[in-house]
Amino acid sequence: MAAQPTITISKTTSPATGVAVVFVDQDNNPGPAARALFESLSGTVERAIAATTFKGKAQSMLDIVAPAGSTLDRVIVVGMGAVGEFDATAALKLGGVVMGKIKETKAQAVTILLERPGSEALDPVLAAEFALGLRLRSYEWSRHKTRKKDDAETPAARINLAVEDAAKVKKTWGEAAEVAAGVELARDLVNEAPNILGPVEFAEAAEKLESVGLEVEILTDKDMKKLGMGALLGVAQGSVRPARLAIMRWNGSKSKDKPIAFVGKGVVFDTGGISIKPGQGMEDMKGDMGGAAAVIGLMRALAGRKAKVNAIGILGLVENMPDGNAYRPGDILTSMSGQTIEIINTDAEGRLVLADALWYCQDRFKPAFMVNLATLTGACMVALGTQHAGLFSNDDELADRLYKAGQASGERVWRLPLGPDYDKLIDSRFADMKNTGGRYGGAITAAQFLKRFVNDTPWAHLDVAGTAMASPDSEINRSWGSGFGVRLLDRLVRDAYEG
Ligand code: BES
Ligand code: MN
Ligand code: ZN
């Protein structure tokens with residue numbers, strides 16, 4: 001793997017060497033900087049365009065070798081499509097696609113002349129989204145590869161994003177880069193091997209974020225025992241690795257308003273426990289902490305960009321293992337809320353972890369709302385596939401804001417129902433409730449279970465089983481762990497709760 005590219009931002013210049021990336025609209029119209037470059041190459045680019053069927057369709061590319069006599073290596077003409085449709089999502093994706101091309105061609109020194117073909121200037125926000133796309137696509141996970149690929153010696157690409165209003169773009173990109181760091185942290189954690197990342201190590205990753213200004217507190221298994229967290233600890237008891245609860249706080253606002261809160265399922269590995277999972281694909285259960293990864297990534301992002309908000313992040317960190325001491329079907333656990341839970345299936349462990357984490361969160365912090373993220377059910381993947389996370393909520397306004405943040409960020413969510421008729425399905429003969437609700441509506445009964453632990457706090461549950469890991473390749477991600485949720489929730493905070 002080549003080293004990570006560096007991205008700098010400057011005022012529009014005319015590149016003398018290396019690779020130039022320029023943009024045209026759907027009718028192959030260039031902007032002023034591209035036009036000037038074309039002129040300096042005395043017709044070569046126009047000839048190349050004319051000799052092909054290239055029509056600046058969004059994300060299409062024409063890669064041209066610079067003519068003899070030019071000090072440039074090549075010119076890559078990139079289609080922006082209809083400029084009227086070039087919105088934040090299009091900009092983000094286009095940045096991703098351009099980075100894909102840079103990687104593929106192993107270009108070293110790249111100048112991207114980012115501009116809007118036509119008369120209007122490019123919105124600096126779109127330029128920063130483009131830069132975010134570049135950065136997110138450049139991510140690679142290769143920590144455990146000792147035999148590097150052939151291009152291991154290739155120096156890192158130096159990418160200069162040349163824009164008209166460099167000062168504004170730099171400022172916006174400064175914030176977006178912090179969000180990128182949050183996404184990268186989440187991806188790293190999801191990709192990391194489960195023998196290396198246990199609950200203790202995950203909690204240490206949270207503690208490390210004190211360096212960016214978060215307050216971090218770690219509860220040990222003994223602390224949680226004192227608090228009565230019998231549901232979370234029931235899951236953890238089959239593992240030799242003790243449970244942790246990480247509490248992160250970002251105090252970015254002087255207001256005395258209630259904080260907002262995010263809670264993540266952090267099952268570092270889910271074997272299913274005594275109700276053990278089949279062997280096929282079980283290795284994927286290293287990603288069963290994708291919810292917690294999104295929360296830590298979000299907190300990293302909020303602190304990094306100094307968001308004007310007071311936010312709490314809570315991670316429930318356990319490993320679900322079968323063992324002589326493991327919890328078993330038929331067991332009855334007493335949660336911190338006092339409610340009792342009959343275990344039907346030890347593989348329905350995420351909701352038990354969240355039951356105590358959610359209860360603790362509302363009990364201690366009295367937040368304005370709680371959003372939890374969890375790789376909770378296979379049923380949600382069956383229902384929604386990999387392009388939407390499941391959204392469940394007891395609050396229409398919060399649900400609506402999450403939906404909008406999803407559309408704006410491209411990390412989309414789709415609301416599914418809750419209701420008393422579903423709730424009945426988890427009543428138990430022996431305890432207050434059971435931890436599974438039968439064959440049908442598995443994503444809903446899981447959400448219905450969580451709802452019993454939020455009291456009257458406005459709350460939303462995002463089932464990210466289909467989106468946090470093993471997601472299909474996209475313009476901005478080629479890694480197994482996607483970091484899903486970081487950009488979605490950063491967008492939610494930014495649009496609805498800051499200021
Ligand atoms: N972590 C799994 C859900 C999951 C499955 C996430 C596949 C990502 C990919 C969760 O703990 C689980 O095992 N859920 C069970 C619940 C069932 C026992 C009621 C499931 O979905 O089968
Ligand atoms: Mn499970
Ligand atoms: Zn699980």
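Counting starts at 1 for both ligands and their atoms, in listed order. All heavy atoms count here, side chains included; hydrogens, waters and symmetry mates do not.
With respect to the salt-bridge test (charged N to carboxylate O, under 4.0 angstrom), the residues Lys225 and Asp221 do not qualify. Under the 4.0 Å criterion applied to side-chain N and carboxylate O atoms, Arg494 and Glu175 are assigned as salt-bridge partners. Here Asp495 does not pair with Arg401 in a salt bridge; the nearest charged N to carboxylate O distance is not below 4.0 Å.
Each protein N, O or S atom less than 2.8 Å from the Mn ion (ligand 2) was counted, giving 4. Any protein N/O/S atom under 2.8 Å from the Zn ion (ligand 3) was counted, giving 4 altogether.
Side-chain contact between Leu352 and Phe449 is present, with at least one heavy-atom pair separated by less than 4.5 Å. Under the 4.5 Å side-chain criterion, counting only non-hydrogen atoms from C-beta, Ile341 is not in contact with Arg351. Between Met248 and Val295 the shortest side-chain heavy-atom distance falls below 4.5 Å. Looking at Val454 and His461, their side chains never come closer than 4.5 Å, going by heavy atoms from C-beta outward. Side-chain contact between Arg249 and Ile312 is present, with at least one heavy-atom pair separated by less than 4.5 Å.
Note that CG of Asn310 and CD of Glu498 are 10.5 Å apart. Values are rounded to the nearest 0.5 Å.
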Exercise for the section: Applying salt bridge (charged side-chain N to carboxylate O under 4.0 Å, His left out), run through Asp427 and Arg452 and close with a yes or a no. Expected result: CA-CA 11 Å; Asp427 287 339; Arg452 293 188 181 202; 2.7 Å; yes

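Pairs passing the salt bridge (Lys or Arg N to Asp or Glu O under 4.0 Å) check and including a residue from residues 462-473, sequence neighbours excluded, read Asp473-Arg478.
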Quick one: table the atom pairs, ligand 1 N or O against protein N or O, below 3.5 Å, distance rounded to 0.1 Å.
unit_1	atom_1	unit_2	atom_2	d
ligand 1	1 (N)	Lys265	NZ	3.3
ligand 1	1 (N)	Asp270	OD2	3.3
ligand 1	1 (N)	Asp288	OD1	2.8
ligand 1	1 (N)	Asp288	OD2	2.9
ligand 1	1 (N)	Thr375	O	3.3
ligand 1	11 (O)	Lys265	NZ	3.2
ligand 1	11 (O)	Asp270	OD2	2.9
ligand 1	11 (O)	Asp347	O	3.1
ligand 1	11 (O)	Glu349	OE1	2.8
ligand 1	11 (O)	Glu349	OE2	2.9
ligand 1	13 (O)	Lys277	NZ	2.8
ligand 1	13 (O)	Asp347	O	3.0
ligand 1	13 (O)	Asp347	OD1	2.8
ligand 1	13 (O)	Asp347	OD2	3.1
ligand 1	14 (N)	Leu376	O	3.4
ligand 1	21 (O)	Gly378	N	2.7

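Each of Arg135, Arg300, Gln4 was evaluated against Glu184; a single residue qualifies, Arg135, per the side-chain hydrogen bond (donor to acceptor under 3.5 Å, both in side chains) test.
Ring orientation note: the planes of Trp141 and His144 are nearly perpendicular, at an angle over 60° on the 30°/60° scale.
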